[in-house]
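Structure first, then comments.
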Amino acid sequence: MKTPSSFPPPRFRAILFAAALAATGPLLAAEVVPEPDPLRTRELIHIVRQDCGSCHGLTLAGGLGPALTAAALADKPAEGLVATIVSGRPGTPMPPFLGIVSEAEAVWIVDQLMRGFPADGGAVPTAQAR
Amino acid sequence: MNHKKTARSESRSSTRLAPVALWGLVLPAIVALLSACSSVPAQHTVRGTGDLGVVIERADGRVQVVETTGRSVLATVPGVGDLSHASVVFSRDARYAYVFGRDGGLTKVDLLLARVDRRVVQAGNAIGGSISHDGRIVVAQNYEPGGIKAFDADTLELLAEVPAVTEDGTRSKVVGLADLSSNRFIYSLFEAGEIWITDLSDPRNPSTQRLAGGKQPYDALVTPDGRYYIAGLFGEDGLAMVDLWNLDKGSRKILSGYGRGETPLPVYKMPHLRGWSIAGGRAYLPAIGRHEVLVVDTDSWQEVGRIPVRSQPVFVMARPDGREIWVNFAFPENGWVQVIDTVGGKVTDTLQPGRAILHMEFLSKGHEVWLSARDDNKVVIYDTATKQPIKTLDSASPSGIFFTSRAARTGF
């Protein structure tokens, strides 16, 4: 999938977005990060566990990519993690995921990762898949 | 298990139709059907292993033992650990499957008795393994701690360890391990960008030769004749190639600059390389960050073509007769499979076998290919002549499919 070109650049937008959320209070501790609708939530969990899991492991304990367990992420700033999901990390195999997930969804994913990511409920059933 | 369900419903409908006198026939049939579905096969059955294989049930730490003649699941073997990434090699007699799991587990599965024969957890994070030509040494390649470890193939006793540490103290993840003649093994170091050859002819006293490689090798292959080793590079446009018959010449780059300076497209899953890429004097290799299959002449090692495909290729596999190349793709285009005709040099078929096609495995003569459809929880079997599905098997989140025909091949 091609990365849509846009202005401001995705990385910068993600930081702005996360910063905007952060400005209203501690992003991941007290604030409630809005959860996507149930079907999309299930899909996102499946994507993170299975497809991010190609590199980071199904248990998120790491592989070619680093571990994404709550313990491993404890000292990482959430904004940076959101930016990494949205824009990737140049020079490493981490690709940008904007277009596959939205910025708001990236914020939710990071929040869930830092809490200990939910178990995979499987792919969305075919009839409901979009 | 689904088979049980089928057996029961068939037996119910039979009993409604059968006269009482037939009960003597029907009851033993039911018992036979149900016992055939048990996870332990009948011990007295004598059979060969040439048509067996294993399917990795990725999320549940299980493997299915399958047979390819009747296309069925014979048994399910649990207790194989974290299989988020798993690969399998076979003993020379094709009785045992050595399963390398993500959690560093090395599990020796007895295909005939359908049970775990031995299991060791040998590292924190592993990616795969290999077996020596004489079948006595199994080698695991590890991400954490980076390096290789050699084990006795019978007992899984640790024989030797080679940490992938370079002068500056960097410890690298090991990728692209393959078996060479004389119980040597070749592999690449992701961080250090080197290619190492470890000689295990004296298994407790390994010696290692180091070669230059390239930036961020992600996987590698040895050609079926054992002559060439090719490492795919994530960090640069090109591949590193070693002529193992002329080792003093070191490695060289092939396909340098195949990206033509263009910005690479995102790679959502790393391609996998094995000797299956070689067909008819050509190597068919996945480009990185380009939606192309690169074609290289294996005499001159010059590019002789590139074939546009649907997305980032992951597995680019020649049918064993070399007439076709089957390609699957990285997330999110992983529901597609394309077939390239090697004579015409272009895509002739575009298939949708199921959701999240993670792997493909050909029968040894290429008339069928088995594909794992992770998100549909099934293995789909295609006739390669008609490009039509023949049968599907239930499988929980299947990933790798490995047939025992690999036991006879270098680089598998």
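Only heavy atoms go into these numbers, but all of them, side chains included; no hydrogens, no water, no symmetry mates.
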Does any heavy atom of chain A fall under 4.5 Å from the side chain of [X], the backbone, both, or neither of them?
| X | answer |
| --- | --- |
| B:Asp375 | both |
| B:Asp376 | side chain |
| B:Asn334 | side chain |
| B:Arg374 | side chain |
| B:Ser397 | side chain |

Checking side chain to side chain contact (heavy atoms under 4.5 Å, CB included) between A:Phe117 and each of A:Ile45, A:Leu73, A:Leu68, A:Thr59, which is the one that passes?
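Of the listed options, the one satisfying the test is A:Ile45.
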
Pick from A:Gly91, A:Ala61, A:Gly122, A:Gly63 with the largest number of heavy-atom pairs that fall under 4.5 Å of chain B:
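The residue among A:Gly91, A:Ala61, A:Gly122, A:Gly63 with the greatest pair count is A:Gly63.
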
Quick one: which of A:Leu64, A:Thr92, A:Asp120 has the most heavy-atom pairs under 4.5 Å with chain B, could you say?
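Looking at each option in turn, the highest pair count goes to A:Leu64.
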
List in chain and number order the residues that pass salt bridge (Lys or Arg N to Asp or Glu O under 4.0 Å) with B:Arg62, two or more places apart in sequence or in another chain; answer none if no residue qualifies.
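With sequence neighbours excluded, B:Arg62 shows a salt bridge (Lys or Arg N to Asp or Glu O under 4.0 Å) to B:Glu57, B:Asp60, given in chain and number order.
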
Chain B contact via A:Ile47 - which portion, at a heavy-atom distance below 4.5 Å
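Just the side chain, heavy atoms under 4.5 Å.
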
For B:Arg310 and B:Gln338, work out which heavy atoms get closest and say how close.
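Heavy atoms only, the tightest pair is N-OE1, 2.8 Å.
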
Counting N and O atoms only, with roles assigned by atom type, does the side chain of B:Arg119 sit under 3.5 Å from a partner on the main chain of B:Val80, one being a donor and the other an acceptor?
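Checked: pair present.
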
Residues forming a side-chain hydrogen bond (donor to acceptor under 3.5 Å, both in side chains) with B:Ser87, sequence neighbours excluded:
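Result, side-chain hydrogen bond (donor to acceptor under 3.5 Å, both in side chains) vs B:Ser87: none returned.
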
Anything under 30° is parallel, anything over 60° is perpendicular, the rest tilted; go ahead and classify B:Tyr268 against B:Phe331.
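Aromatic pair B:Tyr268/B:Phe331 classed perpendicular.
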
